[in-house]
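Please read these numbers as outputs of a predicted model, since none were measured by experiment.
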Amino acid sequence: MSLRYGMGSFIEHADARVLLLATLGLLLWWGTDNALWALFISITVSALGGLATIMKTYRAPDTEPASCWIVSSAAALAGLISVGPLNPVLLAYPAYLLVLYLSILCAKYLGAQAHVQTHVPVDRPIPLLLARAQRVA
């Protein structure tokens with residue numbers, strides 16, 4: 001859906017590079033027989049997409065709802081807490097997710113602050129619940 005309804009053109013050059021690297025990482029992951037390497041590759045592939053989301057969220061903070069990332073952060077924290085023994089392999093993915101989700105929230109906050117300081121207009125959807133007189137064109 002994000003390719004069809006997302007921001008910008010169908011696939012920009014930076015997005016194409018991320019997709020290519022992610023595909024390469026998935027092929028490496030599929031070909032490995034080592035669980036630790038598979039975990040590392042999986043986190044790396046996910047981080048490529050996460051980095052693109054962080055950059056987009058900083059540039060256009062109103063495109064990402066904070067509530068989604070707050071709930072996701074809480075879920076990642078619960079996943080981190082639910083791992084019984086302090087095993088780095090078991091803790092790696094939930095810890096990565098928590099860092100990713102909190103980074104997206106930070107990018108949203110910092111991007112909003114940067115837009116306020118530079119007075120960059122941000123396109124915001126008009127809430128459907130507002131009366132016609134209250135809607136901003």
Side-chain angles (χ1 to χ4, degrees):
M1 281 186 61
S2 67
L3 290 177
R4 183 170 180 188
Y5 299 107
M7 299 177 60
S9 64
F10 181 67
I11 297 180
E12 295 179 4
H13 293 294
D15 295 334
R17 280 182 263 153
V18 167
L19 287 173
L20 182 65
L21 288 171
T23 303
L24 178 64
L26 287 172
L27 290 173
L28 288 172
W29 170 76
W30 180 66
T32 186
D33 286 330
N34 185 323
L36 190 56
W37 274 111
L39 177 64
F40 173 76
I41 293 168
S42 176
I43 289 173
T44 303
V45 168
S46 178
L48 289 171
L51 185 60
T53 303
I54 290 168
M55 292 186 313
K56 191 230 8 151
T57 303
Y58 181 80
R59 285 191 307 265
D62 288 337
T63 62
E64 294 292 333
S67 59
C68 169
W69 300 111
I70 291 169
V71 170
S72 296
S73 296
L77 180 62
L80 197 60
I81 293 169
S82 68
V83 174
L86 293 179
N87 183 337
V89 174
L90 296 177
L91 293 170
Y93 201 73
Y96 154 71
L97 289 177
L98 182 61
V99 169
L100 173 65
Y101 299 152
L102 292 176
S103 297
I104 293 170
L105 282 170
C106 287
K108 180 175 175 57
Y109 174 75
L110 294 173
Q113 293 300 313
H115 284 82
V116 167
Q117 291 174 358
T118 58
H119 303 290
V120 174
V122 177
D123 293 333
R124 296 179 186 196
I126 299 171
L128 296 176
L129 299 177
L130 290 179
R132 280 189 188 171
Q134 294 175 320
R135 292 185 183 176
V136 177

A.B. asks: Do Val83 and Leu100 land in one hydrophobic cluster if side-chain heavy atoms of ILVMFWY residues count as linked below 4.5 Å?
C.D. replies: yes

A.B. asks: Which distance, rounded to the nearest 0.5 Å, do you find between the CG of Leu36 and the CD1 of Ile41?
C.D. replies: 10.0 Å

A.B. asks: Enumerate the residue pairs fulfilling side chain to side chain donor-acceptor pair (under 3.5 Å) with a member in residues 71-85, sequence neighbours excluded, ordered by first and then second residue.
C.D. replies: none

A.B. asks: Could you list the cluster mates of Leu27? Members are the ILVMFWY residues connected by side-chain heavy atoms closer than 4.5 Å, either directly or through other members.
C.D. replies: none

A.B. asks: Could I get the full list of ring-ring contact (aromatic ring centres under 6.0 Å, His included) partners for Tyr58, not counting sequence neighbours?
C.D. replies: none

A.B. asks: Please name all residues satisfying side chain to side chain contact (heavy atoms under 4.5 Å, CB included) with Ser103, sequence neighbours left out, ordered by chain then number.
C.D. replies: Ile54, Val99

A.B. asks: Could you pull out all residues at least two apart from Ala76 that satisfy side chain to side chain contact (heavy atoms under 4.5 Å, CB included)?
C.D. replies: Leu97, Leu98, Tyr101

A.B. asks: Where do Pro61 and Gly111 come nearest, in terms of heavy atoms and distance?
C.D. replies: CG-C, 3.7 Å

A.B. asks: Taking only residues at least two apart or on different chains, which pairs with a member in residues 63-77 satisfy salt bridge (Lys or Arg N to Asp or Glu O under 4.0 Å)?
C.D. replies: Lys56-Glu64

A.B. asks: Filter on ring pair (Phe, Tyr, Trp, His ring centres under 6.0 Å), then keep only pairs touching residues 70-98, sequence neighbours left out; what's left?
C.D. replies: Tyr93-Tyr96

A.B. asks: Between Tyr109 and Leu105, is there a shared hydrophobic cluster once you connect ILVMFWY residues whose side-chain heavy atoms come closer than 4.5 Å?
C.D. replies: no

A.B. asks: Has Thr44 got a side-chain atom pairing as donor or acceptor with Phe40's backbone, closer than 3.5 angstrom?
C.D. replies: yes

A.B. asks: Do Trp37 and Val45 share a hydrophobic cluster (ILVMFWY, side-chain heavy atoms under 4.5 Å, transitive)?
C.D. replies: yes

A.B. asks: What residues form a side chain to side chain contact (heavy atoms under 4.5 Å, CB included) with Ala38, not counting sequence neighbours?
C.D. replies: Trp29, Thr32

A.B. asks: Under the rule for side chain to side chain contact (heavy atoms under 4.5 Å, CB included), what residues qualify as partners of Ala92, not counting sequence neighbours?
C.D. replies: Leu39, Ile43

